[in-house]
Amino acid sequence: MVNLTIDGKEVKVSKTATIYEAAKEAGIYIPVLCYAKKLLPYGACRVCLVEVEQMKGRLIPSCTTPVTAGMVVTTMSDEIRKVRKTVLEFLLVNHVVDCPVCDKAGECDLQDLSYEYEVVTNRFAGEKFDLPKDEINPLIERNMNRCVLCGKCVRVCDEVVGYGSYSFINRGFETKIATAFDRGLNCEFCGQCVSLCPVGAILPRPFKFKARPWQLKEVNSVCGYCGNGCTVTFGTKDNEVQTIRFNDKTGVNDGNLCIRGRFGATYVNSDQRLTSPLIRKDGELVEASWEEALEKVTEGLRSAGSSAGIISGARLTNEELFLLKNLAKAVGTGNLDHSGGECYKGVTEGLHETLGLQASTATFPQVEKANAILAIRNDFYETHPVFGMVVNQAVKRNNAHLTVIGDKQGKLTRMPHARNLQHKPGLEVNILNAMCRFLLDEKLAKTDGLQGVEELQEALADYAVDAVTAAAGVSADAIKQSAKELVSAENAAILLAYGLPYTAYSRELGLAAANLALLTGIAGRSGSGLYLCGEKSNSQGAIDQQILPAAGALGVSGMLKSASEGKLKALYVTGEDMLVSYPDKGLVEKALDKTPFVVVQDLFLSETASKADVVLPAASFAEKSGTFTNAERRIQRLHPGIKSPGQAKTDFAIFQALLTGFGAAVPATEAAAFMALAATTPGYEMVGLEMIGDQGYVWGGETLVPEIRNLVAVTGGKALEAKYQLVVGSALYHSGTTSVHAKGPMSVVSEPYIEFGREDAAELKIVDGQQVKLKAAGGEISAKAKVDRRLPKGVLFAPYHFGSLKLNRIYNGQASIAVEISK
């Protein structure tokens, strides 16, 4: 720590702090334009100039100057004020004055400083900029006439996002910030540049002219998309979410958001939302009262009893899932599961068998300080983009060694010095086994306290590095080097994403990743961790609440199979459009057709809901109270920003009413439900709602120590022998089937596509945008071609989010699908 004096006040701060940070910590105001706490110091705008007694004779930028012991700082004087005013005048020499129509009015730092320093005229003459606006893309407007060259957009896109869209071009008075070749912006549209721009140069187009900042009510909540659990701040007006506001003061994401989090919440305002219950009469779904609908649901479930099946999505809150579990008990069925069942086996079975846990062993911030990172499935950046930004910072700021195991290239593989183990589809487990075998053979493994070492070594006889190299098509040296880096790193992380499009080898991947985490000493060690990251916002909460089949009861696969054979009397589906997102559409279709009584609870009349006997209109995450648990076990609170449309109710209120109909005890509020669930949920026992502050509460602590350390042998996959094979997965711009109702993501990717590598496209004479057909066992799909360079020869890719593609006609959960291609 360092002692210094700022404006006569004694201050004690970290020796790594800058003068600006020290002043801010002491509550002393220094104006800034180019500073942002998440970015490296830059010192471009010079608005933060201060005087230091030991450096008499010149003013220095406070945001780039580190503190030293005994430093005496003055942040305001007549001279400082005069210089700052001159700096502002310089900034305004070429700056247009169009505040009346600028959406930034009311929250523009330049406007505030000009007012504070009374810059009402300008002593310096200059021609105002007249640069063309960039309105080519649908989400981000760039008006460089308003730019003050602080460089925040350039820096955040490089330092945090890892995309590098922007750069300074030209020199002197002609300097401006532009994209490559000064073209229109064409990036991943996360909007990080929007959030950091201190003026109106970069604006979110969907939110333009919706409201002035002072008209908006701000409400903090948690993003409803992926398991990262980012804090979002709704800007609401007229009972609509008008904006997602920048907030780096609370939450795990430091104000960072992806395109889905920043531009994907508009589906809550959709006029396509269900607003009243529907009941099927004479073959048609017609509006009904809540009383009639609930009575029908209660009768149907009571009649089915143990022959009822309940399938939930993982975007319900913990409190709602707790009531749903109680509802299953009240109905008398153990047939309960969530989100496809099979895709969760990696956590619920794989980790349980090896570590005795069903969750990640560490928290996200620890990854930023990791020395070695292994990402399994390279599209991790597409499933959890903001966590991907943490990986980017670990690589760029901490020089972390990054290895990616995946069947296609992605953003992670383009990071500096990233090692890419691009393998034939379905062979991830084989590579992990090879790494384990190498560590054991070379006596590098940390085997103290581990059970099953000899058994695992015997079981890995077929997974020598050279044998796996030949089968998987990856470098032997890369496998060995990656294993060495993981085992020798002071801090290391293994990342594995799971979800509906990744059902193949889910349990096996959980086991293999856990084996490697044990042999490298990562599992349970402070600063290191094994991260299992769920696809949806409360995937971990669903596992924690044991939304899983009871002993001897049916999971999702069993329920659908049983229902398709006419053995289930009722199916209750909440928060899932199974006909679009679940593997094996034929099975799902048959299950829904054969089940005598089907209830669907959702926001929209989805393809699945249109098959139901009763449809219950539910509330979105923006309309709820309760908690989500993210992929690092952080419990965070949701707060409603708007009211639900029409008669739509929260899932909590619907389950309350149904439980009452069954005569069961019901918590009166979400808070009461949390107290009840905390008392019975392992890890939650000591957690009270009052303990969940702005940063949430991580159950189990920052490092979760394994209850057992049991190595379990696991068999790898076998490469599919086919000239062309299709892999299925997530696309950055979408999440499940929810985002296809959101204007932001849909304005970027509005329809399904089939992606080809350039080599295949050239050989097949397929060009970008051309309609193509894929024929496979189960049927044929058709979509426009997208030609890129990230796929190896013979491998195609299709995202699973779009119902119109009918992808699950040919996707049954397999690692890859043999296909024939035609135009």
Side-chain angles (χ1 to χ4, degrees), residues 38-40 155-165 187-188 190 192 223 225-230 251-261 360-406 408-422 428 432 478 481-482 485-486 489-499 502 513 516-517 520 522 527-535 630-632 634 702 729-730 732 790:
K38 71 175 74 173
L39 301 176
L40 298 173
R155 292 144 62 205
V156 75
C157 196
D158 176 45
E159 293 177 26
V160 178
V161 182
Y163 199 91
S165 295
C187 59
E188 59 189 48
C190 63
Q192 294 283 80
C223 181
Y225 280 115
C226 80
N228 203 81
C230 295
V252 298
N253 49 311
D254 198 21
N256 299 322
L257 289 173
C258 67
I259 177 176
R260 304 182 310 234
S360 301
T361 66
T363 57
F364 292 159
Q366 296 179 50
V367 175
E368 196 170 333
K369 297 178 181 175
N371 311 108
I373 300 171
L374 174 67
I376 306 165
R377 289 174 176 153
N378 62 353
D379 42 11
F380 190 90
Y381 208 107
E382 296 183 275
T383 56
H384 300 77
V386 173
F387 192 22
M389 295 176 194
V390 175
V391 175
N392 178 49
Q393 291 176 79
V395 171
K396 290 192 172 176
R397 294 184 180 177
N398 199 36
N399 295 317
H401 298 290
L402 172 64
T403 299
V404 181
I405 298 176
K408 54 185 175 297
Q409 295 181 32
K411 190 169 163 184
L412 289 185
T413 61
R414 295 195 294 270
M415 286 187 181
H417 314 300
R419 186 177 297 114
N420 184 16
L421 300 183
Q422 188 169 357
E428 297 98 327
L432 293 173
Q481 187 61 28
S482 299
E485 288 169 359
L486 283 175
E490 181 180 354
N491 300 315
I494 298 175
L495 322 179
L496 174 63
Y498 61 92
Y502 306 105
L516 186 60
T520 51
I522 288 172
S528 299
L530 171 62
Y531 296 82
L532 279 291
C533 296
E535 179 189 22
N630 78 351
E632 52 170 359
R634 191 180 301 271
E702 294 291 316
S730 286
L732 168 66
R790 64 178 187 154

Subject >> Given Leu516, Asn491, Ile494, the one that forms side-chain contact (heavy atoms from CB on, under 4.5 Å) with Ile522 >> reply: Ile494
**OP:** Applying side-chain contact (heavy atoms from CB on, under 4.5 Å) between Phe387 and each of Asn228, Val252, Asn392, report the one that passes.
**Re:**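 The option that passes is Asn228.
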Original post:
For the atom pair CD (Glu485) and CD1 (Ile373), what is the distance rounded to the nearest 0.5 Å?
Top reply: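 Answer for the CD-CD1 pair, Glu485 versus Ile373, is 11.0 Å.
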Original post:
What distance separates Asn630 CG from Thr363 OG1, expressed to the nearest 0.5 Å?
Top reply: 9.5 Å
Looking only at atom types and distance, does a side-chain atom of [X] sit under 3.5 Å from a main-chain N or O of [Y], one as donor and one as acceptor?
X	Y	answer
Ser360	Leu532	yes
His401	Leu374	no
Ser730	Thr383	no
Gln366	Glu702	yes
Arg155	Leu40	yes
Asn253	Leu257	no
Tyr381	Val386	no

Subject >> Gln192-Asn256 side chain donor-acceptor pair, cut-off 3.5 Å >> reply: yes
**OP:** Decide yes or no on side-chain contact (heavy atoms from CB on, under 4.5 Å) for Val160 and Gln393, but give the supporting numbers first.
**Re:** CA-CA 6 Å; Val160 178; Gln393 291 176 79; 3.9 Å; yes
Are the side chains of [Y] and [X] in contact, using a 4.5 Å heavy-atom criterion?
X	Y	result
Cys223	Arg260	no
Pro416	Val395	yes
Asp158	Lys396	yes
Leu496	Arg377	yes
Thr403	Leu486	no

**OP:** With side-chain contact (heavy atoms from CB on, under 4.5 Å) as the test, would you mind laying out the steps for Lys411 and Val161 before giving the verdict?
**Re:** CA-CA 10 Å; Lys411 190 169 163 184; Val161 182; 3.5 Å; yes
So which heavy atom on [X] is nearest to which on [Y], and how close?
X	Y	answer
His384	Gly534	NE2-O, 2.6 Å
Ser528	Thr361	O-OG1, 4.4 Å
Leu421	Ser482	CD1-OG, 4.5 Å
Cys157	Ser165	SG-N, 3.2 Å
Ala513	Ile376	CB-CD1, 4.1 Å
Cys533	Phe364	SG-CE2, 4.4 Å

**OP:** Before giving the answer on side-chain contact (heavy atoms from CB on, under 4.5 Å), spell out for Asp254 and Met389 the whole-Å C-alpha distance, their side-chain angles and the decisive distance to 0.1 Å.
**Re:** CA-CA 11 Å; Asp254 198 21; Met389 295 176 194; over 6 Å; no
Original post:
Do the charged groups of Glu159 and Arg397 touch, with an N to O distance under 4.0 Å?
Top reply: yes
Original post:
When you look at NZ of Lys369, are more than 12 heavy atoms from neighbouring residues, nucleotides or ligands closer to it than 6.0 Å?
Top reply: no
Original post:
Which residues satisfy the side chain to side chain contact (heavy atoms under 4.5 Å, CB included) test with Leu732, sequence neighbours excluded?
Top reply: Glu188, Glu382, Pro385
**OP:** Given side-chain contact (heavy atoms from CB on, under 4.5 Å), test Asn371 with Asn398 step by step and report yes or no.
**Re:** CA-CA 7 Å; Asn371 311 108; Asn398 199 36; 3.9 Å; yes
